[in-house]
Every structure is written in C-alpha cells, then in structure tokens.
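Right, one structure below, let's go through it.
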Number of protein chains: 2
Amino acid sequence: MPEQTRKRRPYAPRVPMAERREQLLDAALTIIDRDGYDGVSIDAIAREAGVTRPVVYGAYDGLGPLLTALLDRQQDRALGQLFAALPLGADDADPLAVVERAVPALHAMVLADPVTWRAILASPADVPDVVRERIEGDRERVRGVIEQLVTVVLGARAEQLDAEVVAHGILALLDHFGGLVLADPGRFTAERLSAAARSLLAAWLP
Amino acid sequence: MPEQTRKRRPYAPRVPMAERREQLLDAALTIIDRDGYDGVSIDAIAREAGVTRPVVYGAYDGLGPLLTALLDRQQDRALGQLFAALPLGADDADPLAVVERAVPALHAMVLADPVTWRAILASPADVPDVVRERIEGDRERVRGVIEQLVTVVLGARAEQLDAEVVAHGILALLDHFGGLVLADPGRFTAERLSAAARSLLAAWLP
DNA sequence: CCAGAATGCTACACCTGTGTAGTAAATGGA
DNA sequence: TCCATTTACTACACAGGTGTAGCATTCTGG
C-alpha cells in the first residue's frame with residue numbers, strides 16, 4: 001500500500017493571466033483594507049487569493065511591481081471620481097455654491113468606494129516606497145488643481161491670499177475629514193460637514 | 001596552540017539599568033527618525049545601541065513595552081511643549097492675537113525638537129498598536145483643548161459654529177503644516193504661515 | 001583579594017517571508 | 001484520443017527577526 005496519502009493541495013481553478021492579475025490586485029487591496037500596508041506581502045496575497053506564491057511570481061515580478069499595478073488601477077478610479085466630484089467647470093465663481101456642491105459630492109465619493117479611499121487616505125509614512133512616491137505625486141497634482149480652483153473662484157479676493165498655503169490647507173482638510181467620514185460615517189454626515197463649511201465661508205465672505 | 005582566536009565581541013560599557021533604559025529609548029527614537037516605524041525592532045535597537053538583544057530584553061519585556069516607555073517619555077516633552085506654545089491663558093479673547101502668538105510658537109516648537117515631532121506627526125497608520133492608541137488618545141486630548149479654546153476665543157460668534165468640526169479642522173491643519181515645516185523649513189517659514197493665517201482670519205472677523 | 005551579584009555575550013530553536021528549480025495536473029487543438 | 005502547452009503545486013535554500021538558556025566577564029563589598 002503506497003503511502004500516496006500525503007494530501008496534495010487541491011488545484012485552484014485555472015485562470016488566464018489577465019484575470020489572475022485582476023484577482024491578485026483585488027486580493028492585495030482587500031489585505032490593505034483589512035490589515036493595513038504592513039500586512040501586504042507576496043505570501044499574504046497568495047493566501048488571500050487561494051493560490052501559491054509561484055503563481056503570484058508568475059503574474060508579477062515581485063511586490064513592488066504588483067503594488068505599482070494596483071496603484072495604476074486605483075489611480076484611474078480615484079482621480080476620476082475626485083475630479084468628477086470637484087466642481088471644476090465652476091466658472092460661476094460663486095465660492096459658496098462651489099463648496100455647497102463639492103462637500104456632499106466628496107462625502108458621497110468616499111463612501112461609495114471606501115476600500116479605495118481608505119487605502120489612499122490611511123496610507124502615509126511607512127508604505128513601500130513605490131506606493132508612497134505615487135501617492136505623493138498624485139497629491140501634488142490634486143493640490144495644483146485646488147490651487148487653481150481657489151484662485152479662480154476667489155477672483156480678486158485671492159490677491160490677498162497665499163494660494164499655495166491655502167491649497168495645502170484645503171487638501172489637508174479634505175484628507176482629514178475624508179478619514180473621519182470613513183471611520184465614523186454616522187457622526188460626520190454630509191449635512192453636518194456642509195453646514196460647517198457653509199457657515200465658516202459665509203462669515204468669511206464680504 | 002589553542003585556537004582561542006575566535007574573536008569575541010568586545011564588551012559594551014557596563015551601565016546600570018536606568019541609564020541603559022534611557023539609552024535604548026534614544027536608540028529607538030533615532031531609528032524611528034531615520035528609518036520610520038518600520039525599521040524599529042528589538043534587533044535594530046540593540047544594534048543601534050551597540051549591545052546585543054538579550055540586553056534589550058533585560059531592560060524591557062519586548063518591543064511593545066519599550067515603545068510604550070518611549071511614548072511615556074516623549075509624551076511629557078511633546079504635550080508640555082505644545083501646551084506652552086498654545087496661548088491657553090488667552091482670556092483676552094482676541095482671535096487675531098491668539099493666532100499671531102500661536103503660529104510662530106508652534107513653528108518654533110517643532111523645529112526646536114524635530115526628532116520628537118517627526119515621530120509624532122509622521123506616525124500614522126501602521127505603527128504598532130500600542131503606539132497608535134497612545135497617539136490617538138493624545139490627539140483627542142489636544143482636540144478637546146482646541147475645542148475649548150475656540151469656544152472661549154470666539155465667544156458669541158462660536159454659537160454659529162460646529163465647535164467639534166472646527167477643532168478637528170484646526171488640528172488637521174496644525175498636523176499637516178507641522179509636517180510641511182519639518183520637511184521643508186525654508187519654504188514654510190513662521191512669517192509666511194503667520195501671514196496666511198492672519199489674512200484669512202482678518203477677512204473672516206466682522 | 002576574592003566570592004558572588006550584576007551585566008553582557010554566544011548559540012540555538014523557531015517563525016515568517018523571499019525567490020526559484022523541478023514536478024504534477026489540466027486543457028485544448030491536431 | 002493524445003500530446004504539447006499552460007497553469008499550478010511542492011520543496012528547498014536563504015534572509016532577518018524573536019525569545020531564551022547558559023556561559024563569560026566585570027565590578028563591588030566584605
């Protein structure tokens with residue numbers, strides 16, 4: 001009686017590369033959302049996807065390239081969502097209207113795709129270098145857009161302001177409140193945040 | 001000829017426990033500042049301090065307790081510096097004066113002890129749980145103080161405002177600009193930040 | 001001056017992750 | 001149907017971190 005009994009791992013369903021790649025990116029994103037960037041490793045991704053490590057190495061050349069691919073994919077989603085939410089066609093130049101439209105739109109945006117946004121908003125500091133650099137770069141792009149938006153919307157008033165500093169401030173606020181909304185949606189509702197922004201801005205305008 | 005030639009590591013200077021503990025905390029802080037929280041391990045701390053791991057285990061029961069002790073020490077420094085920088089005795093209730101005093105004080109504060117503040121401001125997300133909880137708790141305390149400060153300083157005007165949201169916002173701004181100052185002191189000077197805060201606030205006041 | 005306590009070091013067993021070579025199973029076209 | 005290709009798995013060697021047992025050295029007080 002040959003002891004062939006050594007249980008062999010059941011074969012994972014065979015899928016073509018393209019699909020496998022997508023599946024691995026999903027697995028990585030799931031891990032990031034559940035365990036943070038610390039939890040991401042080739043091994044963890046393989047386990048999460050129900051395959052073995054060589055399968056992952058077959059699809060990507062390592063953790064760096066895999067995360068880069070993930071960022072490529074999420075970047076489209078995130079920036080697309082974001083630029084859709086920002087009232088960029090706002091030539092009306094009414095600051096109050098801009099804020100009234102942007103705040104609920106952004107609120108809806110993060111809650112509509114919490115996994116993507118948690119990965120971005122909760123990312124900082126010790127993430128793998130590839131990820132860090134990528135997100136930094138995107139932040140800069142967004143900050144530039146905000147800076148322009150501020151300049152345009154505030155028009156003449158803007159001359160008093162340090163637009164770069166203001167843009168940094170706005171982005172910091174979006175960042176922080178985005179995180180709060182994700183962490184505690186019941187406490188930080190769109191209405192509440194809109195009201196706060198409105199009342200601050202209303203008092204500020206002439 | 002006995003082959004006693006197997007080089008034995010030269011003994012590190014012998015120090016009493018109390019001093020050794022301080023030295024290990026310093027080593028940990030150095031590593032955090034240089035390599036981020038990712039780089040912190042018992043092994044790395046031992047190397048940085050020029051001793052072997054068992055020495056570290058003799059002083060602390062593991063990485064968690066060591067980092068807790070580090071936080072205990074840094075907490076005093078940081079909160080002491082912070083509450084000294086915030087104009088808490090500001091019964092004069094002049095918002096502009098409060099900001100004019102607070103911004104340069106905070107700016108000086110982070111630059112006076114960059115290691116401590118980088119460890120706090122650049123901490124987020126995936127730090128060991130002990131550290132994360134501790135810093136979160138402190139943030140809440142500080143936010144509470146700011147909330148009160150806002151209420152007091154703005155007086156009657158405060159009734160229009162959502163003090164909690166405003167305090168969150170202010171703390172987010174302090175956080176973010178603190179990081180910017182540390183990253184690029186030449187670009188974000190005390191004067192520039194003061195001017196920006198002053199001009200925003202001046203326009204906002206009646 | 002010489003125990004014995006205090007302090008530090010070596011060495012080991014264990015864990016988790018990386019990356020790869022070799023092998024086994026599934027699949028699709030001749 | 002059957003074989004070549006594609007896809008997946010096993011197994012190994014290596015790297016770095018943890019925690020501990022046991023030995024070596026230094027220092028101090030009697």
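The chains referred to below are lettered A, B, ... by the order of the sequence lines, with proteins before strands, and numbering in each begins at 1. Keep in mind the model is a prediction, meaning the values are calculated, not measured.
For the segment residues 47-62 of chain B, the set of residues with a heavy atom within less than 4.0 Å of an atom of DNA chain C comprises V51(B), T52(B), P54(B), V55(B), in numerical order.
Under a 4.0 Å N-O distance rule, the pair R73(B)/D26(B) qualifies as a salt bridge. Under 4.0 Å is where a charged nitrogen must lie from a carboxylate oxygen, and between R143(A) and E140(A) at least one such pair does. Of the charged side-chain nitrogens involved, at least one lies within less than 4.0 Å of a carboxylate oxygen, so that D43(A) and R47(A) count as a salt-bridged pair.
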Any chance you could encode DNA chain D as dot-bracket? Rule is Watson-Crick or G-U wobble with both distances under 3.5 Å; [ ] for pairs crossing earlier ones, | for another strand. ||||||||||||||||||||||||||||||
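Here the P atom of nucleotide dT18(C) and the CG atom of L66(A) are 11 Å apart, to the nearest Å. The CD1-P distance, from I31(B) to dG17(D), rounds to 10 Å in whole Å. The CG atom of D43(A) sits 6 Å away from the P atom of dT18(C) (whole-angstrom rounding). As rounded to whole Å, 19 Å separates atom P of dT16(C) from atom CG of L63(A).
Contact of R9(A) with dA8(D) (side chain to base): no donor-acceptor pair of N or O atoms is detected under 3.5 Å. R20(B) contributes no side-chain N or O that forms a donor-acceptor pair with the base of dT7(C) under 3.5 Å.
Of all nucleotides listed (dC27(D), dT18(D), dA8(D)), dA8(D) comes nearest to the side chain of V15(A).
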